[in-house]
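Sequence positions, counted from 1, serve as the residue numbers for this chain.
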Amino acid sequence: KYITFDQWEWLIIISLEQGEMFEIRNRFLTIVTISSILVIIISLLINSLFTSRIIINPLKNLTLKIKDISEGEGDLTAKLNINSSDEIGEFAGYFNDFIDKLNGIIVEIKNTTFSSKDLSLRLGDTVTKNLSSINNITSVMDDTLEQIRFLNIEMQKSEVSVNEINNFINNVVSLIEEQSASVNQS
């Protein structure tokens with residue numbers, strides 16, 4: 001093969017053996033293949049570092065924080081750090097909102113429990129006072145019943161006495177009438 005350069009009136013002839021030409025081509029393909037593999041490996045390393053730093057580390061931090069909250073004392077004041085505005089940051093924000101709402105619910109339950117406990121104590125005091133009053137009323141009613149029974153017995157005694165007095169008066173009246181009749185006849 002040859003190449004001509006008319007403007008300078010040059011002629012370049014290149015001669016290569018076929019084996020030498022294939023060797024150059026093979027060396028070129030080997031270099032391209034090795035370079036491609038190196039580029040792929042370097043890209044994978046960069047990608048794994050990027051993925052580790054941007055995705056895996058924040059997910060591990062979220063997991064550790066959530067684990068700490070769930071296995072610890074249930075500290076609902078603990079918050080997840082929001083270091084990014086991506087999906088992980090958004091998740092941390094929603095989780096923090098959830099913890100805030102849960103904390104509010106627990107505070108309401110705690111307040112309700114204290115109110116219920118106070119109400120229960122006051123109700124217990126009222127029941128105790130009412131029970132004491134009922135016992136006093138029962139005692140007074142028992143005393144009144146006893147007095148009514150006593151009065152009933154006394155009234156029965158009085159009735160017997162009144163009947164005896166009535167019989168005595170009737171006897172006296174009969175005697176007076178007899179005496180009067182005797183006096184009138186004499």
Enquirer: What's the spacing between Lys101 NZ and Asn103 CG if we round to 0.5 Å?
Expert: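 It is 13.5 Å, given to the nearest 0.5 Å.
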Enquirer: For the pair Gln156 and Val160, evaluate side chain to side chain contact (heavy atoms under 4.5 Å, CB included) and give the outcome as yes or no after the intermediate values.
Expert: CA-CA 6 Å; Gln156 287 174 354; Val160 168; 5.8 Å; no
Enquirer: Start with the C-alpha gap between Ser139 and Asn135, add the side-chain angles, then the distance that decides, and say whether side chain to side chain contact (heavy atoms under 4.5 Å, CB included) holds.
Expert: CA-CA 6 Å; Ser139 176; Asn135 287 337; over 6 Å; no
Enquirer: Nearest 0.5 Å please: distance from the CG atom of Leu123 over to the OG atom of Ser116.
Expert: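 So the gap between those two atoms works out to 11.5 Å.
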Enquirer: Any chance CD of Glu154 has more than 12 other-residue heavy atoms, nucleotides or ligands included, within less than 6.0 Å?
Expert: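 Yes, the 6.0 Å shell around CD holds more than 12 heavy atoms from other groups.
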Enquirer: From Leu44 CG over to Ile37 CD1, what is the distance, rounded to the nearest 0.5 angstrom?
Expert: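 The distance works out to 11.5 Å.
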Enquirer: Could you tell me whether Asp125 and Lys129 have a side-chain N and a carboxylate O separated by less than 4.0 Å?
Expert: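 Between Lys129 and Asp125 there is no salt bridge, as every charged N stays at least 4.0 Å from the carboxylate O atoms.
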Enquirer: Would you confirm whether Ser161, through its side chain, and Lys157, through its main-chain N or O, come within 3.5 Å as a donor-acceptor pair?
Expert: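 Yes, Ser161 side chain to Lys157 backbone: donor-acceptor pair under 3.5 Å.
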Enquirer: Using distance only, find each side-chain donor-acceptor pair of residues 106-115 under 3.5 Å and give its atom names and separation, not counting sequence neighbours.
Expert:
unit_1: Asn111; atom_1: ND2; unit_2: Val107; atom_2: O; d: 3.4
unit_1: Thr112; atom_1: OG1; unit_2: Glu108; atom_2: O; d: 2.8
unit_1: Thr113; atom_1: OG1; unit_2: Ile109; atom_2: O; d: 2.7
unit_1: Ser115; atom_1: OG; unit_2: Asn111; atom_2: O; d: 3.1

Enquirer: Quick one: list whatever passes side-chain contact (heavy atoms from CB on, under 4.5 Å) with Val140, sequence neighbours left out.
Expert: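 Applying side-chain contact (heavy atoms from CB on, under 4.5 Å) to Val140 gives Thr144.
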Enquirer: With the 4.5 Å side-chain cut-off for hydrophobic clustering, are Phe168 and Ile176 part of the same group?
Expert: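 Same cluster: Phe168 reaches Ile176 through Ile, Leu, Val, Met, Phe, Trp or Tyr contacts under 4.5 Å.
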Enquirer: Do Phe91 and Phe98 share a hydrophobic cluster, counting only Ile, Leu, Val, Met, Phe, Trp and Tyr and linking them when any side-chain heavy atoms are less than 4.5 Å apart?
Expert: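 Yes; Phe98 is reachable from Phe91 via cluster members.
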Enquirer: Kindly compute the distance separating CG (Asn170) from CG (Leu175), expressed to the nearest 0.5 Å.
Expert: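 Result: 11.0 Å between the selected atoms.
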Enquirer: With hydrophobic residues grouped by side-chain heavy-atom distances under 4.5 Å, do Val162 and Leu151 end up in a single group?
Expert: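 No, Val162 and Leu151 fall in different hydrophobic clusters.
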Enquirer: Check the pair Glu146, Asp142 against side chain to side chain contact (heavy atoms under 4.5 Å, CB included), reporting the backbone distance first and the verdict last.
Expert: CA-CA 6 Å; Glu146 193 60 38; Asp142 287 343; over 6 Å; no
Enquirer: What's the separation between atom CD1 in Ile42 and atom CG in Asn47, rounded to the nearest 0.5 Å?
Expert: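 It is 13.5 Å, given to the nearest 0.5 Å.
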Enquirer: Working to the nearest 0.5 angstrom, can you tell me the gap between Ile153 CD1 and Met155 CE?
Expert: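 Output value for this atom pair is 12.5 Å.
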